[in-house]
Engineer: 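This is the structure I want to talk about, given as C-alpha cells.
FYI, side chains are in, hydrogens and waters are out, and symmetry mates aren't considered; it's all heavy atoms of this structure.
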Amino acid sequence: MKKLPSTNVFAILFMVIFGIIFVFLFSRLMYIQASGEVDGVDLNKWAEKQRTASYTLDAERGRILDRTGMVLADNRPSYRVYAVLDEDYSKNSEDPLHVKDPVKTANKLAPVLGMEANKIAEVIQNGQERDAFQVEFGSSGEDLTEEKKEEIEKLDLPGIYLQEGQKRYYPNDRFASHVIGFTQQEEDKLKGILGIEKSMNSQLTGKDGYISYQQDQYANKLLNPNEILKQPQDGSNVYLTLDQKIQTFLEDTMSDIYEQYNPEQMMAVVMNPETGEVLAMANRPSFNPNTRENIDNWYNDIVSYPFAPGSTMKIFTVAAAMDAGVYNGNETFQSGVYNFMDGAKPVRDHNWGKGWGTITYDEGIRRSSNVAVSKLVWEKLGTEKFLEYLKRFDFHQKTGIDLSGEETGQITYKWPSDKVRTAFGQSTTLTPIQLMKGATAVANDGKMMKPYVISKVKDADDNKTIKETKPQVVDEPIKAETAKKVRDLLGTVISSEDGTGQEYQLDDYSVAGKTGTAQLPDPENGGFLTGRENYIFSFLGMAPKEDPELMMYVAVKQPELENTEAGSEPVSYIFKSVMEKSLHYLNISPDKTTKGLSVDSIELADYKGQSVEAVKRSLSEQSVQTEVIGDGDKVKATLPQAGNKILPESTVMLLTDGDAVIPDLTGWSLREVLKYASVYDLKVEHIGNGYVVHQSVNPGAHVKKGSYLSIKLEPPNGSDNEESGTEEREDAETENREEADESG
C-alpha cells in the first residue's frame with residue numbers, strides 16, 4: 001500500500017526531534033561525567049554527604065565550686081520518655097518496635113510517671129488518629145531521674161523509648177541562690193539566666209564535638225568509613241570565694257530569723273576585709289534553683305538595692321573628720337537638737353530630740369547622736385570636704401563586683417539639709433556592697449579593697465588555671481592611723497555601757513561596728529512610714545577589732561516584732577551567730593577570755609626546716625603544746641601556719657619531712673584537713689559538712705605522696721540551734737522608740 005506523503009513528513013520530524021533530544025541528553029551526560037556537577041552541585045560531595053552519618057557529641061557545662069572545692073552547681077543526666085506509634089518502624093523486625101497496645105502501655109507506665117493511665121492512653125490514641133510518628137507526655141515525661149529511667153526500662157514496653165539529656169543540679173538547694181543563679185534549656189543547650197550562671201555563661205558553656213563516618217544505604221558502617229572524631233570541649237569550672245561552711249552558717253541562721261520574724265526583706269554578706277573576698281552572701285526571700293518555683297525576688301539585693309543606710313553611714317563621717325584632723329573626741333557639744341541653718345528643719349537626736357545634755361563627741365558617737373555627726377560636717381569638716389571623702393570611698397559609683405545586676409546609690413547633695421543629713425545616713429542612698437567596700441578601708445588600715453566573688457576559672461580537662469582573681473587595692477581614702485582610731489571608737493560602741501551596740505558583743509572576740517535604722521519612704525502619702533516595725537534595721541561590724549579577719553553586714557526590713565522586742569534583735573542574732581561560728585571555723589585566735597578581758601596572743605614563727613626537738617622546746621617555753629605528725633627529723637610545716645596568732649596553752653601540730661603519717665582526724669574541720677593534705681600532696685575526697693567523723697586511712701598509717709584520703713564530715717550536735725542570747729533592756733518601750741526614731 002502506498003504511503004501518504006504526510007506520514008513521511010511526521011516520521012522525518014519525529015526522527016529529527018528524537019535526534020535533537022538524544023544529542024542533548026548525551027551531551028548533558030558527557031558534561032556531567034566530565035565536570036562532576038549538576039546545577040552547580042558537586043556530585044562527589046553530594047554523594048559523600050548522603051553516605052556520611054554525623055552525630056553531635058555534647059559538651060558538658062562547667063561546674064561551680066566554692067573556695068574549698070565543694071560543688072555548688074553540677075550536671076546530672078536527665079531523661080525524656082516518648083512513644084513511637086508508626087507501624088513502619090517495626091518493619092524487618094521480629095519484635096514490635098512501636099506501641100501496639102495503648103491501654104496496656106498506659107497502665108504500666110502511669111505509676112512511674114505519676115500520671116493517670118487514661119491520660120497516657122489518650123495521648124497515644126490521639127497520636128495514632130493523627131498518624132503521628134511519635135508522641136510525648138508533657139512535663140511528667142521530662143526531667144526523669146536515673147532511677148525512673150531504670151524503672152521504665154524494666155517494664156520492657158514496645159515503642160517506649162528514652163532520650164538522654166543534661167540537667168543542671170544544685171546539691172544545696174537554696175544555698176546562695178541569688179549568687180549562683182540558675183539555667184534553663186534553650187535550643188538543647190543550658191543557658192545561664194541569673195547570677196554566676198549568667199555572668200559566666202560563656203566560660204561555663206563548652207564547645208560541642210562530633211563524630212562522622214560513611215555508611216551504606218542500609219545505614220551500616222562501611223569497612224573504610226573515613227571516620228572523623230572531634231572530642232567535645234567541656235566548659236570551664238568556676239571557683240567562687242564563697243566558703244560552703246560560712247555560707248551554711250548564714251543560710252541556716254537567716255532561715256531561722258525569716259521564719260520567726262517574717263520580715264519583708266533580709267540581706268547579709270560576710271567578707272574578708274584584707275582581700276575583698278566575699279565568703280558568704282544571702283538574701284530573703286530566696287528560692288530553690290532546682291525547681292525555680294515561687295521566685296518572689298529576682299534581684300540580689302546586696303548589690304542591686306540602694307537605700308538610705310541610716311547610722312552605719314556615721315562610720316564614714318567620723319573617719320572623714322578624723323582623717324582631716326578636725327575630730328576631737330574629748331570636745332563637748334549640746335546634744336538633742338541642732339539648728340544648723342535658719343529656715344531649715346533642725347536635726348534631732350533619735351531619743352525624740354531630748355539628747356543627753358552636754359556630752360563629748362566620743363560619747364555622741366557611742367550613743368549614735370545625729371547632732372554629733374551633723375556638727376562635724378557643718379562646723380568642723382565642711383560639706384565640700386565631706387563630699388570629697390564620700391567620693392574617696394567610691395560612694396558615687398559601682399563597686400565593680402563580679403556579679404550581674406549591680407546598681408549604685410546616689411549622693412544627694414543639692415540642698416544644705418541633704419548635705420547635713422547625709423552625715424547620719426539620710427538623703428543619700430547606697431547599696432550594702434558599697435558600704436562593705438568602703439568599710440574595708442577602716443578594717444584594712446586605710447586600704448580599700450575591691451569586692452569579688454569569682455576566685456578562679458579552671459580548665460575542666462587538665463585542671464589548669466585559666467584566670468585567677470587577685471586582691472586589688474582600689475584606693476586609700478584614709479590613713480592607717482585613722483583606720484585604727486575609727487576601729488577603737490567603734491569598739492566602744494559595742495563594749496561601753498552607753499554604746500548602742502552592746503547586744504552585738506561576741507563571747508570570744510572583740511567587735512568594732514555601728515548599728516543602723518533606715519527610714520522607709522511612704523509611697524502613698526509621701527514622707528516616711530511610721531510605726532516601730534517600718535524600718536530597715538542593720539549592723540556593720542568587724543572582728544577581731546585590732547586586726548579584723550571578717551567583716552559582716554546584716555539588714556532586716558520590717559520584721560514582725562513583739563511589744564518587748566527591739567528591731568535590732570533579729571539583726572544581732574544573725575551577726576553574733578554567724579561571726580562567732582565563722583571565726584572559730586577559720587581558727588582565728590580569740591582575743592577575749594570568757595570574762596571578756598583581752599589576753600596576749602602569740603604570733604607563730606616560721607619553723608620550717610628546723611629540728612623537731614628544737615621547735616618543741618621553743619614552743620614549750622611559750623606555754624604552747626605540740627603534737628608531732630610524721631616520723632621526720634625536720635619540721636616541714638605547722639598547723640596553724642606560720643604567721644597566725646595563737647593563745648598560750650593551745651596546741652600546734654608539727655608536720656615533719658618524712659612520709660605522711662595519718663593522724664586521728666576526728667573533730668578536724670575541712671579547712672584543717674586540706675591544709676594538712678597540702679603539705680604532703682595528698683588528694684582529699686570529702687562528703688558532708690561540719691567536722692570529721694570518719695576517715696578512710698587508719699590513724700598512724702604511712703601513706704605516699706599523691707595518695708587519696710577520704711573523709712566524712714558531720715555538723716556538731718545542736719550546732720544549728722545555738723542560742724545567741726540578747727541583753728534585756730531596762731526600758732524596752734523607750735528603746736524601741738529610740739531605734740524607730742533613729743536615722744540609722
Side-chain angles (χ1 to χ4, degrees), residues 267-278 281 301-324 327 365 373 376-377 381 385-401 403 406-413 422-452 471-480 482-487 489-490 493 512-516 518 536 538-543 548 550-555 744:
M267 301 164 278
V269 57
V270 181
M271 279 179 58
N272 180 345
E274 294 181 354
T275 62
E277 295 170 287
V278 175
M281 182 183 288
D301 292 327
I302 299 294
V303 302
S304 302
Y305 182 58
F307 61 95
S311 281
T312 51
M313 189 69 175
K314 293 172 183 174
I315 296 173
F316 308 100
T317 307
V318 170
M322 284 185 175
D323 197 70
Y327 182 85
I365 300 305
V373 291
L376 285 175
V377 168
L381 184 63
K385 190 68 173 179
F386 183 45
L387 178 61
E388 178 186 322
Y389 273 96
L390 293 176
K391 291 182 177 180
R392 285 192 193 183
F393 285 111
D394 281 355
F395 289 154
H396 62 301
Q397 62 188 15
K398 295 179 181 180
T399 68
I401 190 172
L403 286 173
E406 183 183 9
E407 298 291 337
T408 184
Q410 182 178 0
I411 298 176
T412 305
Y413 226 67
T422 293
F424 52 88
Q426 288 186 359
S427 298
T428 289
T429 59
L430 297 169
T431 62
I433 200 65
Q434 284 182 290
L435 285 170
M436 289 291 279
K437 175 186 174 182
T440 60
V442 175
N444 196 34
D445 292 337
K447 296 180 175 65
M448 188 165 66
M449 309 302 296
K450 180 179 179 179
Y452 65 99
Q472 180 182 349
V473 179
V474 292
D475 205 344
E476 295 187 34
I478 56 176
K479 296 181 283 292
T482 301
K484 185 180 185 307
K485 291 178 182 178
V486 175
R487 291 199 305 271
L489 181 56
L490 295 180
V493 173
K514 188 69 192 73
T515 56
I536 298 179
S538 63
F539 181 74
L540 197 164
M542 56 196 74
L550 290 180
M551 187 170 68
M552 184 175 181
Y553 179 82
V554 184

Engineer: Closest heavy-atom contact between Ile401 and Met281?
Structural biologist: CD1-CE, 4.4 Å
Engineer: Taking the side chain as every heavy atom from C-beta outward, state whether Met449 and Pro273 have any atom pair closer than 4.5 Å.
Structural biologist: no
Engineer: Taking only residues two or more places apart in sequence, or in another chain, which ones meet Tyr327 in a ring-ring contact (aromatic ring centres under 6.0 Å, His included)?
Structural biologist: none
Engineer: Do Pro477 and Tyr389 have side-chain heavy atoms sitting under 4.5 Å apart?
Structural biologist: no
Engineer: Is the shortest heavy-atom distance from the side chain of Met552 to the side chain of Val269 under 4.5 Å?
Structural biologist: no
Engineer: Identify, with sequence neighbours excluded, every residue that meets side chain to side chain donor-acceptor pair (under 3.5 Å) alongside Thr440.
Structural biologist: none
Engineer: Look up atom CG in Leu550 and atom CE in Met271, then write down how far apart they are to the nearest 0.5 Å.
Structural biologist: 10.5 Å
Engineer: Just to verify, what does Lys391 make a side chain to side chain donor-acceptor pair (under 3.5 Å) with, not counting sequence neighbours?
Structural biologist: none
Engineer: Any chance you could measure Leu381, atom CG, to Met322, atom CE, to the nearest 0.5 Å?
Structural biologist: 12.5 Å
Engineer: Can you sort out the partners of Phe539 under ring-ring contact (aromatic ring centres under 6.0 Å, His included), two or more places apart, ordered by chain and number?
Structural biologist: Tyr504, Phe575
Engineer: Any chance you could measure Ile433, atom CD1, to Lys398, atom NZ, to the nearest 0.5 Å?
Structural biologist: 13.5 Å
Engineer: By side chain to side chain donor-acceptor pair (under 3.5 Å), which residues pair with Thr408, not counting sequence neighbours?
Structural biologist: Gln434
Engineer: Between Thr399 and Glu406, do the side chains contain an N or O donor and an N or O acceptor separated by less than 3.5 Å?
Structural biologist: yes
Engineer: ring-ring contact (aromatic ring centres under 6.0 Å, His included) with Phe395: which residues, sequence neighbours excluded?
Structural biologist: Phe316, Phe393
Engineer: Checking Tyr413 now: which residues fulfil ring-ring contact (aromatic ring centres under 6.0 Å, His included) with it, not counting sequence neighbours?
Structural biologist: none
Engineer: Once rounded to the nearest 0.5 Å, what's the spacing between atom OG of Ser311 and atom CD1 of Ile365?
Structural biologist: 9.0 Å
Engineer: Only counting residues at least two apart or in another chain, list the ones meeting salt bridge (charged side-chain N to carboxylate O under 4.0 Å, His left out) with Glu274.
Structural biologist: none
Engineer: side-chain contact (heavy atoms from CB on, under 4.5 Å) with Ala483: which residues, sequence neighbours excluded?
Structural biologist: Ile478, Arg487
Engineer: Identify the heavy atoms of Ser538 and Pro309 that sit nearest to each other, and give their distance.
Structural biologist: OG-O, 4.1 Å
Engineer: Any side-chain heavy atom of Met551 within less than 4.5 Å of one from Asn444?
Structural biologist: no
Engineer: Determine which pairs satisfy salt bridge (charged side-chain N to carboxylate O under 4.0 Å, His left out) with at least one residue from residues 423-433, sequence neighbours left out, and list them in order.
Structural biologist: none
Engineer: Within a strict 4.5 Å, meaning less than it, do heavy atoms of the Met436 and Pro451 side chains meet?
Structural biologist: no
Engineer: What's the separation between atom CG in Leu435 and atom CG in Leu540, rounded to the nearest 0.5 Å?
Structural biologist: 6.5 Å
Engineer: Per the salt bridge (charged side-chain N to carboxylate O under 4.0 Å, His left out) rule, what does the pair list look like for residues 471-480, sequence neighbours excluded?
Structural biologist: Asp323-Lys479
Engineer: State the NZ-CD distance between Lys450 and Glu277, to the nearest 0.5 angstrom.
Structural biologist: 14.0 Å
Engineer: Compare all side-chain heavy atoms of Thr317 with those of Phe424 and state whether any distance is below 4.5 angstrom.
Structural biologist: no
Engineer: Using every non-hydrogen atom in the two residues, find where Ala308 and Gln426 come nearest and quote the distance to one decimal.
Structural biologist: CB-CA, 4.3 Å
Engineer: Quick check: do Lys437 and Val474 have side-chain heavy atoms less than 4.5 Å from each other?
Structural biologist: yes
Engineer: What I'd like to find out is whether the side chain of Leu430 reaches to under 4.5 Å of the side chain of Thr312, using heavy atoms alone.
Structural biologist: no
Engineer: Using the test side chain to side chain donor-acceptor pair (under 3.5 Å), find all partners of Thr428 that sit at least two apart in sequence or belong to another chain.
Structural biologist: Thr422
